[in-house]
Amino acid sequence: MDKPLPLPTPVSQPFWDGLREHRMRIQYSPSGDRWVFYPRLLAPGSLADDLEWREVSGAAALYSFAVARVPSAAAWSDSPPQLPAIVELAEGPRLTTELVNVDPAAITIGMPLRPVFYDVPDGNITLLRYEPA
Amino acid sequence: MGLRGEAAIIGIAEWKPERRSSRPRRFTIEQWAELARDALEDAGIGAREVDGIVTTAVQETSRFAPATVSEYLGIPVNYGEFVDLGGASAAGMVWRAAAAVELGIADVVLCALPGDPVPEPPVVNDAPADPFGVSSSALYGSPQAEFEIPYGNVAQNVPYAMFAQRYAAEFGDPTRAMAKIAVDQRTNACAHPAAVFHGKPITIEDVLSSPVIAEPLRLLDIVMPCSGGAAVVVANADVARRARHRPVWVKGFGERVAFKTPTYAENLMETAIAPASAQAFAMAGVTHADIDMVSVYDCYTITVLMSLEDAGFCPKGTGADFVNSRDLTFRGDFPCNTHGGQLSFGQPGRAGGMSHVCDATRQIQRRSGDNQVSDCDRAFVTGNGGIMSEQVALILQGD
């Protein structure tokens with residue numbers, strides 16, 4: 001079973017375009033001095049109409065993770081264990097990702113991480129994975 | 001602010017959970033009717049007195065659920081409510097019913113949660129509506145479809161494991177306390193013949209040696225999905241006084257809906273149970289010491305641990321010590337999930353949430369049989385929807 005891929009929307013397209021170029025652009029709300037993830041039409045919390053795209057390094061710390069010995073869905077049954085994770089960007093927002101290039105036993109919460117831009121073969125999309133920095 | 005405590009649960013119906021249903025297959029609206037009949041019979045109240053219904057989604061229609069149920073029951077209502085709070089739906093239905101009663105817009109409100117399998121259609125449509133489960137919408141434009149599903153953050157085991165991992169990093173390994181929760185609740189189930197794991201006691205060693213599903217969650221930390229169904233009748237004081245059993249007054253509630261996916265929680269370790277519980281206690285005008293038993297939503301053992309902390313039964317980060325030093329069984333010093341909890345009673349879909357309401361109601365009505373808590377007059381109940389995303393707390397009390 002093929003793994004499900006994201007379908008960019010008109011609002012989120014700049015984020016996915018950034019990943020395609022192996023760069024990370026997320027939204028920022030000047031009125032709230034707040035970074036935003038995932039992409040929104042209006043700023044979450046304030047509903048301010050001032051979101052702008054800014055490039056960030058993607059540097060993050062591990063907030064939490066799971067070592068799924070039993071796949072969370074059939075699409076992942078080929079590659080146990082899965083390492084889905086929540087990471088916290090240096091700018092503040094958290095996002096969901098999966099960890100790669102790491103021994104599950106060596107994963108610790110708070111560990112510094114860096115992005116891995118994974119070009120999905122024939123997928124016309126790039127996923128944002130993370131590995132130890 | 002809030003309820004005056006003048007609406008009561010006066011009847012309950014709860015079908016025995018089964019891992020493989022032995023009951024004839026019925027559509028959701030048919031199960032709704034049967035559960036309603038059973039709960040009204042328990043209350044000793046006629047169907048013609050009903051003037052309110054609260055429902056969740058029914059499988060036979062994607063829209064107009066309250067009207068569909070009202071029409072099918074043949075009961076026009078003054079209050080037709082729809083609740084979509086996952087596992088918190090049951091507790092959310094109860095306070096909404098009580099609020100409608102106190103507003104005077106309804107005298108008798110039915111809340112039912114069917115959980116048995118429905119008949120298979122003669123022609124099977126093989127494309128599932130939710131290919132990644134009901135928690136993860138794969139529809140175009142859904143944030144889960146775009147930012148969660150592609151990374152495998154689907155269903156419940158993975159995100160609840162993330163709660164447990166973060167908890168361990170901040171407060172210490174809760175694994176043994178989680179196992180004790182499973183063991184004490186199993187002891188309760190062994191005194192409750194309707195429980196799916198009745199007659200099957202377990203030890204802490206059994207839990208710790210059960211297969212790892214998503215570290216640190218093991219098989220026995222996780223609920224057993226099964227069939228079943230539950231309903232309650234909520235009514236005003238006049239009706240409650242002539243009902244068959246002791247009225248169980250809805251004295252306080254709180255509700256908090258904060259996020260869908262835990263990644264976007266402000267702080268994973270401060271759950272929505274905290275504000276929901278604080279409101280429930282303040283509304284009821286009681287303290288934790290006044291509570292005789294708790295029935296806390298337990299999709300996972302970590303949910304119970306974090307719920308007890310955030311509801312204020314022990315300080316944050318001390319839940320493991322609290323659980324390890326208390327006896328959570330029906331005969332213990334902190335009776336918790338005396339029906340076995342969903343972990344050992346079984347989780348019949350969203351009716352699993354109602355099992356906690358029924359557990360507390362039976363205790364206060366002194367109908368719990370072998371697992372009766374002595375002198376039980378007041379109970380604290382929680383409902384938890386999604387991944388700790390939606391929380392409802394109730395305080396229920398006898399006269």
| message | How about CG on A/Asp103, more than 12 heavy atoms from neighbouring residues, nucleotides or ligands closer than 6.0 Å, or not? | response | yes

| field | A/Phe37 and B/Phe147 aromatic ring geometry - parallel, tilted or perpendicular at 30°/60° bounds | value | perpendicular

| field | Check: A/Arg94 side chain, B/Ala265 main-chain N or O, donor-acceptor pair, under 3.5 Å | value | yes

| query | Based on non-hydrogen pairs under 4.5 Å, which of B/Pro143, B/Ala169, B/Gly141 is most in contact with chain A? | reply | B/Pro143

| task | Examine distances only and state if a side-chain atom of B/Tyr151 and a backbone atom of A/Leu127 form a donor-acceptor pair shorter than 3.5 Å. | result | no

| B/Pro150 vs A/Pro4 side-chain heavy atoms within contact, under 4.5 Å | no

| message | Walk me through whether B/Tyr140 and A/Thr9 qualify under side chain to side chain contact (heavy atoms under 4.5 Å, CB included). | response | CA-CA 8 Å; B/Tyr140 178 49; A/Thr9 69; 4.0 Å; yes

| remark: The interface call for B/Ala155 against chain A, heavy-atom contacts under 4.5 Å, is side chain

| request: Taking the side chain as every heavy atom from C-beta outward, state whether A/Ile109 and B/Gln165 have any atom pair closer than 4.5 Å. | output: yes

| message | Once rounded to the nearest 0.5 Å, what's the spacing between atom OH of A/Tyr38 and atom CD of B/Gln144? | response | 8.0 Å

| Partner chain A: residue of B/Glu170, B/Gln156, B/Arg166 with the largest heavy-atom pair count (under 4.5 Å) | B/Arg166

| When heavy-atom pairs shorter than 4.5 Å are enumerated against chain B, which of A/Thr96, A/Leu7, A/Leu83 gives the highest number? | A/Thr96

| query | Under a 4.5 Å heavy-atom cut-off, does chain B meet the side chain of A/Ile125, its backbone, both or neither? | reply | neither

| field | CA sep, side-chain torsions, deciding dist, call: A/Ile86, B/Met162, side chain to side chain contact (heavy atoms under 4.5 Å, CB included) | value | CA-CA 8 Å; A/Ile86 303 171; B/Met162 290 175 173; 3.6 Å; yes

| Should B/Glu146 and A/Trp16 be marked as a side chain to side chain contact (heavy atoms under 4.5 Å, CB included) after you check the CA-CA gap, both sets of side-chain angles, and the distance that decides it? | CA-CA 10 Å; B/Glu146 197 172 354; A/Trp16 296 108; 2.6 Å; yes

| Non-hydrogen atoms of chain B under 4.5 Å away: do they reach the side chain of A/Tyr63, the backbone, both or neither? | both

| request: Can you tell which part of B/Glu266 gets under 4.5 Å to a heavy atom of chain A, answering side chain, backbone, both or neither? | output: backbone

| said: Take a 6.0 Å sphere around CZ of B/Arg19 and say whether it holds more than 12 heavy atoms from other residues, nucleotides or ligands. | reply: no

| query | What's the spacing between A/Glu88 CD and B/Thr263 OG1 if we round to 0.5 Å? | reply | 11.5 Å

| message | Counting only non-hydrogen atoms closer than 4.5 Å, does A/Gln82 touch chain B with its backbone (N, CA, C, O), its side chain (CB onward), both, or neither? | response | side chain

| query | Within the side chain of A/Ser72, is there an N or O that forms a donor-acceptor pair under 3.5 Å with the backbone of B/Gly152? | reply | yes

| query | Are more than 12 heavy atoms from other residues, nucleotides or ligands located less than 6.0 Å from atom CD of B/Glu270? | reply | no

| said: At a 4.5 Å cut-off on heavy atoms, which part of B/Leu217 comes close to chain A: side chain, backbone, both, or neither? | reply: neither

| task | Kindly check if the number of other-residue, nucleotide or ligand heavy atoms within 6.0 Å of CZ (A/Arg20) is above 12? | result | yes

